[in-house]
Protein chains: 2
Amino acid sequence: MMAGVVPTGTDGGRRERKKLATRAALRRAALRLAVRNGVENVTVERIADEADVALRTFFNYFSSKEDAVLATAALGAEALVARFRARPPAESVLAALREAVLEVMESDDVAGHEHLAVLRLIRAAPSLLPQQLCVLAAQEDALAEAIADRVGLPVDDAYPRLCATAAFAALRVTLDRWLARTADDGDPPTTALLRAEFGDAVDTLAAGLDRGGAGS
Amino acid sequence: MMAGVVPTGTDGGRRERKKLATRAALRRAALRLAVRNGVENVTVERIADEADVALRTFFNYFSSKEDAVLATAALGAEALVARFRARPPAESVLAALREAVLEVMESDDVAGHEHLAVLRLIRAAPSLLPQQLCVLAAQEDALAEAIADRVGLPVDDAYPRLCATAAFAALRVTLDRWLARTADDGDPPTTALLRAEFGDAVDTLAAGLDRGGAGS
DNA sequence: GTGCATGGATGCACGACGTGCACGTTGGCC
DNA sequence: GGCCAACGTGCACGTCGTGCATCCATGCAC
């Protein structure tokens with residue numbers, strides 16, 4: 001009965017596709033429930049029900065509900081590193097980084113909207129902060145490697161790591177301030193504003209971070 | 001019978017002192033057990049026993065065993081901010097920060113040794129990483145405020161936050177690389193080496209972090 | 001010193017979490 | 001069709017974290 005119309009799928013078989021689908025369903029269920037009810041008021045059992053799998057199955061994919069919610073954030077961070085790698089090699093590190101950030105935030109795919117939701121969620125839920133920082137820290141490794149490739153340094157050099165860490169730090173601060181305006185003002189901040197703010201932060205890093213003391 | 005020789009203690013009464021003592025006992029018990037048996041193999045109940053209090057009492061002071069272990073790290077971070085504030089106002093931000101870090105690491109008080117133990121512990125126990133990053137993030141606020149005071153900027157300016165975050169990021173990278181040498185070599189790395197490494201990181205931040213692409 | 005109010009320590013109970021284990025089912029492959 | 005590996009599921013168990021009621025030490029007023 002038409003078996004094998006898509007012999008093994010475009011990626012690697014039905015099994016793989018089902019796994020991916022289950023993981024995505026859990027990730028989205030977690031995000032949806034967390035946005036609707038607040039992270040604290042969501043149980044893992046509820047997430048599993050929403051994704052129509054058993055409680056036990058949830059733990060085959062994520063180790064906690066925070067992990068599931070932040071999987072969306074992790075996707076965004078991975079996308080950022082990928083875009084950074086795709087920037088023209090002639091661009092300087094910080095310029096490529098600035099453009100990569102804006103590409104991700106301006107992208108209209110579903111992941112972009114979900115990513116924004118997670119960022120807002122983290123601001124409202126301090127219990128997510130530790131794991132989010134951990135997600136960023138994990139991507140720092142990937143970014144450091146990408147930076148090392150770009151400038152032609154060995155991966156164990158100090159510069160790539162320092163640059164990657166500082167870059168994510170700047171991104172975190174900028175996003176935090178940008179999102180704070182969302183809370184204050186009614187309308188969502190524009191990507192143009194984000195471009196300006198993150199551009200300033202990057203310029204500050206590029207120009208040298210030090211300043212004299214005593215208000216000079 | 002000699003009541004009131006130390007009328008209310010030097011700080012604020014017996015109650016206050018007992019609370020502080022219990023908190024310190026729990027903090028140290030958690031650290032000691034974690035170092036000896038590994039963080040994963042320590043239960044909250046064991047920590048409470050070691051500190052000679054009830055299990056329930058533990059949760060009156062800390063919300064998790066990670067919290068208790070990292071309380072030591074938090075002390076170190078607070079000390080760092082305090083030393084930064086105490087540096088001569090004429091020093092630039094990054095110079096004061098470099099000296100403050102070295103002061104903390106070179107201080108011979110007990111807290112210094114405990115702090116080192118925690119740092120080593122975190123490297124070996126990924127489960128502590130999220131909360132450690134959270135501890136640092138919490139101190140970023142205090143450091144940002146101190147930086148704002150030093151350079152004479154309002155606390156809601158972007159520079160103090162960016163600088164504080166980047167500074168902690170640099171500190172984290174440097175300490176990580178410094179501690180990695182401890183694992184490789186047999187002997188513990190010297191503070192002189194730390195001074196050199198963190199000095200380099202700070203110089204890099206001060207000189208401007210950007211670099212051209214294409215290996216130029 | 002005596003009684004009283006307050007705040008911390010403790011025990012208890014309960015829901016949630018996270019994991020090891022065994023079993024059934026399904027997909028992949030000959 | 002038949003075998004095998006991988007996945008989903010239920011079960012049990014230890015741990016976690018918290019609300020609540022209770023007991024006791026402390027500090028205070030007199």
Tell me whether the side-chain N/O atoms of [X] come closer than 4.0 Å to OP1 or OP2 in [N].
{"X": "B/Tyr61", "N": "C/dA9", "result": "yes"}
{"X": "B/Lys18", "N": "D/dA25", "result": "no"}
{"X": "A/Lys19", "N": "D/dA6", "result": "no"}
{"X": "A/Thr57", "N": "D/dT9", "result": "yes"}

Could you give the [atom1]-to-[atom2] distance, from [X] to [N], as a whole number of Å?
{"X": "A/Arg46", "N": "C/dC17", "atom1": "CZ", "atom2": "P", "value": "13 Å"}
{"X": "B/Glu45", "N": "D/dG17", "atom1": "CD", "atom2": "C1'", "value": "14 Å"}
{"X": "A/Phe62", "N": "C/dA16", "atom1": "CZ", "atom2": "P", "value": "21 Å"}
{"X": "A/Glu40", "N": "D/dG19", "atom1": "CD", "atom2": "C1'", "value": "16 Å"}

Does any donor-acceptor pair link the side chain of A/Arg56 with the base of C/dG20 at a separation under 3.5 Å?
-> yes

Looking only at N and O atoms, is any donor in the side chain of B/Arg15 or the base of D/dT26 less than 3.5 Å from an acceptor on the other one?
-> yes

Sorted by position of nearest nucleotide on DNA chain C, 5' first, the leading residue of B/Val53 and A/Phe58 is B/Val53

Ring-face cation contact, A/Tyr61 with A/Arg27, 6.0 Å cut, 45° max = no

Establish, yes or no, whether the cationic atom of A/Arg177 lies under 6.0 Å from the six-membered ring centre of A/Phe198 and within 45° of the ring axis.
-> no

A/Asp52 atom CG, neighbour heavy-atom count above 12 within 6.0 Å = no

Under 3.5 Å, is there a donor-acceptor pair between the A/Glu40 and A/Ser127 side chains?
-> yes

Counting heavy atoms from C-beta on, name the nucleotide in D/dC16, C/dC17, C/dG28 closest to the side chain of A/Thr43.
-> C/dC17

